[in-house]
Amino acid sequence: MGRQSLLQMLEDLASKVRMLEREKREGVARIQALECEVGELAAVIAQASAKVDEMLNEGRTADVQQQEAVNVPATSTAREQLGEFSADPQREPKERSSRAYSS
């Protein structure tokens with residue numbers, strides 16, 4: 001009976017080893033699939049990053065072009081045209097725009 005018990009234990013152990021080897025192969029296959037997905041995701045992220053950079057550069061170029069089109073000269077008279085306004089309500093503005101009151 002001791003011999004049968006020993007053979008049964010060896011068979012159980014061999015079965016356990018086969019199961020562990022199968023799980024190891026499945027684990028390795030899963031790791032390889034995940035590594036492949038990581039590579040694909042890295043490529044997508046790099047492509048998206050390049051597209052964002054491209055869009056930002058286009059925006060900067062458009063901003064610079066727009067600024068060139070609407071730049072006000074350093075000697076602007078906009079303040080003089082509108083008149084000076086004071087936080088003191090007793091002080092009258094130097095000029096008032098008559099256009100604001102005309103209908």
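Keep in mind that what you see is a predicted model, and the values were worked out from it rather than measured.
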Q: With rounding to the nearest 0.5 Å, note down the distance linking CD1 in I31 to CD in E35.
A: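 Going from the CD1 atom of I31 to the CD atom of E35 covers 7.0 Å.
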Q: Is atom CE of M9 surrounded by more than 12 heavy atoms (other residues, nucleotides or ligands) closer than 6.0 Å?
A: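 Check fails, neighbour count at 12 or below.
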Q: Measure the CG-CD distance between D53 and E58 for me, rounded to the nearest 0.5 Å.
A: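 Between atom CG of D53 and atom CD of E58 there are 11.5 Å.
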Q: Should Q32 and V28 count as side-chain neighbours, where that means a heavy-atom distance under 4.5 Å?
A: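 Sidechains of V28 and Q32: in contact.
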Q: Answer yes or no: are there more than 12 heavy-atom neighbours, outside E23 itself, under 6.0 Å from its atom CD?
A: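 More than 12 heavy atoms, drawn from other residues, nucleotides or ligands, come within 6.0 Å of this atom.
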Q: Mind checking what makes salt bridge (Lys or Arg N to Asp or Glu O under 4.0 Å) contact with R30, not counting sequence neighbours?
A: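 For R30, no residue satisfies salt bridge (Lys or Arg N to Asp or Glu O under 4.0 Å) once neighbours in sequence are set aside.
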Q: Can you list every pair that meets salt bridge (charged side-chain N to carboxylate O under 4.0 Å, His left out) and has a residue in residues 40-52, with sequence neighbours left out?
A: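 Pairs touching residues 40-52 that pass the test: K51-E54.
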